[in-house]
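Working notes for the structure below.
For ligands, and for the atoms within them, numbers begin at 1 and follow the listed sequence.
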Amino acid sequence: MSGILEARPRVGYLYAGKSIFNFVSKQIRKVKVNEIKSVPVVIQENTSVYDAIVTLFLEDVGTLFISNSKGYLAGVVSRKDLLKIAIGKTDVHNIPVGVIMTRMPNIITAVPDESVYDAAVKIVEHQIDALPVVEPVETEKGNHIKYKIIGKISKTNITKFFVELGKPDV
Ligand code: ADP
């Protein structure tokens, strides 16, 4: 509890004022993405927009991560990306999701040992719902770094984490 109470000789323990907030903030920042990440729903970039929409319903998620044929992160599609294409005249059976996704290198990601707090800041600053949790993979010389998709951090994960934090001790 260091930082919350200060020991003063012949006085006793004093409440150290503001530092209780530092204490709470330090505790929150200790929790890593790895501890609260969930299973990602990943489809390949050649999957049709129609099948992507079906996957969204079947898996009950709001964001799909898209991989290339080698299994590395290629992009992201959100509910509204799919809605936008579905209300137009495009034949959703014949257009691959890779055409409409937000693609690399514009994808905002998180890594397992990053704090949940930092991941939440990215979600707020970029006004998005979810981040793929990735593991950078070294490829042959001269190539860009590739990312393996190993999880997902979403507003839902973070809300659940918040609820856990607020639970009273039993
Ligand atoms: P929605 O569009 O359904 O409200 P989001 O707010 O998550 O969902 O997405 C907003 C836009 O940002 C979409 O075009 C989506 O493709 C894109 N997007 C979503 N997640 C990410 C991410 N992690 N990195 C980059 N772009 C993203």
Might you list the protein residues in contact with ligand 1, defined as having a heavy atom under 4.0 Å from one of its atoms, sorted by chain and number?
V76, S78, R79, K80, D81, T102, N106, I107, I108, Q127, I128, D129, A130, P132
Members sharing V39's hydrophobic cluster, built from side-chain contacts under 4.5 Å between Ile, Leu, Val, Met, Phe, Trp and Tyr, are none
Whether N157 side chain and S154 backbone form a donor-acceptor pair below 3.5 Å:
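Between the backbone of S154 and the side chain of N157 there is a qualifying donor-acceptor contact (under 3.5 Å).
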For V111, is there any backbone N or O sitting under 3.5 Å from a side-chain donor or acceptor partner on E114?
yes
In the structure I gave you, are the side-chain heavy atoms of I95 and I85 within less than 4.5 Å of one another anywhere?
yes
Under the ring-ring contact (aromatic ring centres under 6.0 Å, His included) rule, collect the residues that match up with Y50, sequence neighbours excluded.
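With neighbours one apart ignored, the set is H93.
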Checking K26 now: which residues fulfil salt bridge (charged side-chain N to carboxylate O under 4.0 Å, His left out) with it, not counting sequence neighbours?
none
